[in-house]
Amino acid sequence: MMSENELPKTLQQAVKFFSDDLTCVEFVASRRWCDGKAVCPKCRETNNTFMASRKVWQCKNKECKKQFSVKVGTIFEDSPIGLDKWLIAMWLIVNAKNGISSYEIHRAIGVTQKTAWFVLHRIRVAMESGSLEKLSGEVECDETYIGGKSINMHAKKRKEAKMTTGYTTKSAVMGMVERRGRVKAKVIKHADTQTLLGLISDNVESGATVMTDDHGGYRKMTDEYIHEVINHTIEYVRDNVHTNSIENFWSLLKRSIKGTYVSVSPEHLQKYVEEKTFRYNGRKGKDKDRFMEILNSVSGKRLTCTQLTGYETGNQAEETRHEISEKNQRPVVI
Ligand SMILES: [Zn+2]
């Protein structure tokens with residue numbers, strides 16, 4: 001496994017470093033998996049054989065035997081673009097202080113502007129959620145509305161707000177949670193089909209089982225996913241189908257917001273949601289693990305391998321984490 005010192009420090013070094021395919025694979029593997037040790041996406045086996053010529057792993061579990069690349073289950077999946085180009089695009093994006101356009105990416109890495117737009121979009125998704133990996137397995141998706149009391153508002157303003165969020169002065173948030181796993185949540189302008197299904201496509205691995213309520217925005221889900229719907233006017237749980245995990249996240253989020261959060265811009269709400277998401281995702285962790293995770297995201301490396309335990313709040317480490325997270329308002333992926 002490569003050490004931090006071996007990593008490139010300038011764009012020129014990065015181009016040279018990532019020009020080697022195996023280096024790219026090793027680099028992404030070291031970011032995704034604990035000690036860079038590949039995990040089978042199908043059965044979670046960690047004992048796998050790397051086939052260097054094809055740059056894929058073969059699962060050693062006799063009942064599985066799946067072959068998989070480092071791209072499977074990440075933002076790089078379903079893209080024909082090589083990791084060399086992805087990593088240089090990431091280098092450019094995370095180091096562009098004033099942002100970067102898809103035209104600049106297009107010229108710099110030699111892909112069409114449309115492709116560059118897609119690359120830029122996917123990298124932003126990873127930066128916001130702090131992970132290259134998509135959610136998989138059983139994923140519950142839901143939207144909720146936060147903040148603002150319409151009662152104190154002028155009727156005209158209330159109408160305006162209702163037109164933008166569809167729900168008086170409240171901001172809409174879309175959330176996705178992998179059962180027994182991570183949550184991802186985003187403030188959205190409209191809870192419409194395009195927005196909801198777009199977020200699912202960006203954040204959830206194809207083949208996953210997606211559970212939602214009967215909100216119309218989910219009706220046109222592609223058959224890339226197994227879609228299970230629970231109609232809350234009839235029942236809350238049907239066999240394994242329910243949205244209790246995401247509802248649980250909403251109540252944690254709302255409980256912490258209550259009283260302090262009346263009316264803040266959607267941008268600030270997004271930061272708040274990200275902070276709660278980070279805490280939820282580290283809920284099983286020890287203070288040290290959360291501390292390391294935030295340190296790693298400051299230095300440009302985020303752990304996805306930490307095994308986390310217990311949901312703690314209000315202790316010393318929590319305060320430390322707050323101080324650090326303020327300096328680190330935008331988590332960086334690499
Ligand atoms: Zn396997």
Side-chain angles (χ1 to χ4, degrees), residues 1-2 20-84 86-87 122 125-126 129-141 176-184 200-211 221-228 239-242 245-246 280-285 289 293 296 301-309 333-334:
M1 198 179 145
M2 62 192 84
D20 179 64
D21 288 347
L22 273 177
T23 307
C24 292
V25 170
E26 194 193 338
F27 179 80
V28 175
S30 73
R31 260 61 201 159
R32 272 194 86 172
W33 294 310
C34 218
D35 300 325
K37 211 167 183 279
V39 179
C40 171
K42 200 175 166 195
C43 72
R44 302 277 152 197
E45 174 63 59
T46 51
N47 189 7
N48 304 294
T49 315
F50 184 61
M51 296 184 282
S53 58
R54 292 175 50 225
K55 292 178 282 297
V56 293
W57 282 265
Q58 162 101 51
C59 175
K60 272 196 179 171
N61 176 352
K62 286 197 181 88
E63 267 121 61
C64 177
K65 288 188 178 170
K66 188 178 169 65
Q67 287 189 2
F68 57 95
S69 81
V70 76
K71 279 175 147 187
V72 171
T74 70
I75 57 159
F76 311 122
E77 195 178 10
D78 63 36
S79 141
I81 307 155
L83 281 177
D84 54 343
W86 272 106
L87 294 171
R122 279 282 165 91
V125 168
S129 63
S131 173
L132 300 172
E133 276 189 82
K134 292 184 171 188
L135 304 175
S136 60
E138 291 165 343
V139 181
E140 298 175 20
C141 300
M176 293 152 278
V177 63
E178 181 183 299
R179 286 196 184 155
R180 295 167 294 280
R182 291 170 300 143
V183 68
K184 297 190 182 202
I200 291 175
S201 157
D202 286 341
N203 293 288
V204 183
E205 202 178 328
S206 63
T209 302
V210 174
M211 318 223 183
M221 187 92 64
T222 62
D223 49 19
E224 206 186 318
Y225 302 104
I226 302 156
H227 187 201
E228 296 278 6
D239 302 325
N240 193 27
V241 185
H242 62 79
S245 317
I246 189 71
Y280 181 91
N281 292 341
R283 70 194 179 281
K284 293 176 190 151
D289 300 326
E293 179 157 351
N296 275 313
K301 184 181 169 183
R302 238 186 136 88
L303 289 183
T304 53
C305 58
T306 334
Q307 288 303 312
L308 306 169
T309 58
V333 186
I334 61 169

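All ligand and atom numbering here is 1-based and tracks the order in the structure.
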Test side-chain contact (heavy atoms from CB on, under 4.5 Å) applied to I246 and M176, step by step:
CA-CA 7 Å; I246 189 71; M176 293 152 278; 5.9 Å; no

Assess whether a salt bridge exists between E205 and K134, defined as any Lys/Arg side-chain N lying under 4.0 Å from an Asp/Glu carboxylate O.
no

For the Zn ion (ligand 1) the protein N, O or S atom count under 2.8 Å stands at 4

In terms of side-chain geometry, is the basic nitrogen of R182 or E133 positioned less than 4.0 Å from the acidic oxygen of its partner?
no

With a 4.0 Å cut-off on N to O distance, would you call K60 and E45 a salt bridge?
no

Is there a side-chain contact between W57 and C40, using heavy atoms and a 4.5 Å cut-off?
no

Side chain to side chain donor-acceptor pair (under 3.5 Å) with W86: which residues, sequence neighbours excluded?
S79

